[in-house]
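Worksheet for the structure shown next.
Residue indices begin at 1 and follow the sequence shown.
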Amino acid sequence: LGNMWVFDLSSDVSSNWKVAFSSSSTPKPLFRACLTADCATLQPITSRPEVIEYTGSENSHIVLFGTGSYRDAEDVSNKDVQTFYGILDNGTDGDLNRSSLQEQTIELEFTLSETGEHRVVSKNSVDYSSNSGWYIDFDSSNYEGERIVSDPIVRNGAVRFFTFTVDSGICSRSGGESWYMHLNSLTGARTDDASFDVNGDGKVDYLDLKMITSAGEEIEASVSGFKAEGLVKTGNTATNGADSRLQALSSDESLVDRAL
């Protein structure tokens, strides 16, 4: 349910293929997705992970995935907190949980009349000598039950994915609301520069930064996400060589279209 498994397929003989991690010959996952260290309640993983190379150590990777389910009738009313994770797979350490991870948080949600609701995520550094990755909980009181049920993608050092919050009303046309999230793939933090068009002028530049208060100081920060109506799956990036756009189809038949 909430286990991320890694398999060793290095042998030319398929009968020698095995789970990569074990303890006293008992197979162990790379990571157990849960909200507490004792993993009393596992978080379901129902979408495909993305894997990128980690250059800080030899033969290491970062496994990127979210949790949440939208498959069964009981999922509609489920309000459990779900999470997006970036887990270090160094080939040695397995059976990890969130106690060894660096936390990122949603620091701010705000609305612009031109382009709707947006989010800013924290910018905590990740020390991989003492941490095994990062996580961000989707625990906004405005969007209870927010989950990740579509596949993430990585482009230009950022992991991009959509979350989904179910509208339990039986007459809902769109089924709920989605958030597009754009995070540093190695840390889960907001990116250094503007990630997408925030002010609606069709360009991505310094005017798309948001002034926030951090550690008692006013700073300009990149925006990490925007809301879209309906269930939106993994989007495509269209480019003409100079400009890029995120384009994705929503369940309410509208087109999500933003300059990146």
Side-chain angles (χ1 to χ4, degrees), residues 46-48 50 64-71 75-76 78-79 81-84 104 106-121 136-156 158-169 171-185 188 190-191 194-204 207-210 221-239 243-260:
T46 60
S47 55
R48 177 186 60 80
E50 180 76 297
L64 300 155
F65 61 95
T67 70
S69 178
Y70 190 46
R71 294 182 172 185
D75 290 336
V76 174
N78 188 289
K79 303 298 184 185
V81 173
Q82 303 299 337
T83 307
F84 197 91
Q104 303 290 353
I106 298 171
E107 289 193 338
L108 177 68
E109 292 180 338
F110 66 96
T111 302
L112 296 177
S113 59
E114 300 87 353
T115 52
E117 295 183 53
H118 296 78
R119 282 175 172 164
V120 176
V121 164
I136 179 170
D137 288 332
F138 288 90
D139 54 1
S140 171
S141 59
N142 297 319
Y143 300 95
E144 293 183 342
E146 188 174 357
R147 65 203 70 186
I148 300 93
V149 294
S150 59
D151 301 337
I153 59 173
V154 174
R155 297 289 186 275
N156 300 321
V159 59
R160 307 172 181 179
F161 58 94
F162 281 94
T163 70
F164 181 58
T165 304
V166 182
D167 183 349
S168 57
C171 295
S172 171
R173 179 171 180 267
S174 63
E177 299 167 315
S178 294
W179 279 87
Y180 168 74
M181 300 300 300
H182 190 111
L183 308 174
N184 183 302
S185 56
R190 62 177 181 264
T191 55
S195 303
F196 49 83
D197 178 21
V198 173
N199 61 7
D201 65 359
K203 300 180 293 183
V204 183
L207 295 175
D208 296 303
L209 300 175
K210 172 68 175 176
S222 63
V223 179
S224 313
F226 66 82
K227 196 185 80 170
E229 295 300 321
L231 172 59
V232 184
K233 293 297 186 73
T234 305
N236 295 315
T237 301
T239 181
D243 300 313
S244 297
R245 302 193 71 85
L246 168 73
Q247 296 181 330
L249 188 64
S250 171
S251 60
D252 70 354
E253 300 181 356
S254 64
L255 178 67
V256 178
D257 185 9
R258 285 274 186 126
L260 298 176

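- Rounding to the nearest 0.5 angstrom, the gap separating the NZ atom in Lys210 from the CG atom in Leu108 is 6.0 Å.
- Nearest heavy atom pair, residue Phe138 against residue Val81, reads O-CG1, 4.1 Å.
- Expressed to the nearest 0.5 Å, how far OG1 of Thr191 lies from CG of Leu183 amounts to 8.5 Å.
- Ser178 places no side-chain N or O within donor-acceptor distance of the main-chain N or O of Phe162, the cut-off being under 3.5 Å.
- The closest donor-acceptor contact from the side chain of Arg160 to the backbone of Leu246 lies at 3.5 Å or more, if one exists at all.
- Separation of atoms CG (Leu231) and CG (Asp167) is listed at 12.0 Å; rounding is to 0.5 Å.
- Put simply, the side chain of Ser251 never gets that close to the backbone of Gly230: no donor and acceptor are under 3.5 Å apart.
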Between Glu114 and Asn199, is the side-chain contact (heavy atoms from CB on, under 4.5 Å) condition met? List the steps. CA-CA 7 Å; Glu114 300 87 353; Asn199 61 7; over 6 Å; no
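- Between the Asp197 side chain and the Arg258 main chain, no donor and acceptor come within less than 3.5 Å of each other.
- Contact between Leu64 and Ser185 at its shortest, heavy atoms only, is CD2-O, 3.5 Å.
- Looking only at distances, no side-chain donor or acceptor of Arg119 sits under 3.5 Å from a matching main-chain atom of Trp179.
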Could you please spell out the steps behind the side chain to side chain donor-acceptor pair (under 3.5 Å) verdict for Ser140 and Glu146? CA-CA 8 Å; Ser140 171; Glu146 188 174 357; 5.6 Å; no
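- Between Phe196 and Phe226, the angle of the ring planes goes over 60°, which puts this pair in the perpendicular group of the 30/60° scheme.
- Shortest non-hydrogen contact noted between Glu109 and Asn142 is OE1-ND2, 2.8 Å.
- Side chains of Glu177 and Thr165: no donor on one and acceptor on the other come within 3.5 Å.
- Not a single donor-acceptor pair under 3.5 Å links the side chain of Asn78 to the backbone N or O of Gly145.
- In terms of heavy-atom proximity, Ala259 sits nearest to Gly202 at CB-O, 3.6 Å.
- Under the 4.5 Å side-chain criterion, counting only non-hydrogen atoms from C-beta, Ser222 is in contact with Leu209.
- Side chains of Thr83 and Asp137: a donor-acceptor N/O pair is present below 3.5 angstrom, by distance only.
- The OG1 atom of Thr163 lies 11.0 Å from the NZ atom of Lys227; values are rounded to the nearest 0.5 Å.
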Applying side-chain contact (heavy atoms from CB on, under 4.5 Å), run through Val198 and His118 and close with a yes or a no. CA-CA 8 Å; Val198 173; His118 296 78; 3.9 Å; yes
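- Taking CZ from Arg190 and OG from Ser224, the interatomic distance works out to 7.0 Å, rounded to the nearest 0.5 Å.
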Using the side chain to side chain donor-acceptor pair (under 3.5 Å) rule, take Thr234 and Asp151 through it: C-alpha gap first, then chi angles, then the decisive distance, then the call. CA-CA 6 Å; Thr234 305; Asp151 301 337; 4.9 Å; no
As a quick check of understanding, evaluate side-chain contact (heavy atoms from CB on, under 4.5 Å) for Val166 and Tyr70, giving each step before the final call. CA-CA 9 Å; Val166 182; Tyr70 190 46; 3.6 Å; yes
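- In Asn156, the CG atom is not crowded: 12 or fewer heavy atoms of neighbouring residues, nucleotides or ligands sit closer than 6.0 Å.
- Closest approach of Thr46 to Ile148, counting heavy atoms only: OG1-O, 4.3 Å.
- Note that OG of Ser47 is 9.5 Å distant from NZ of Lys233, once rounded to the nearest 0.5 Å.
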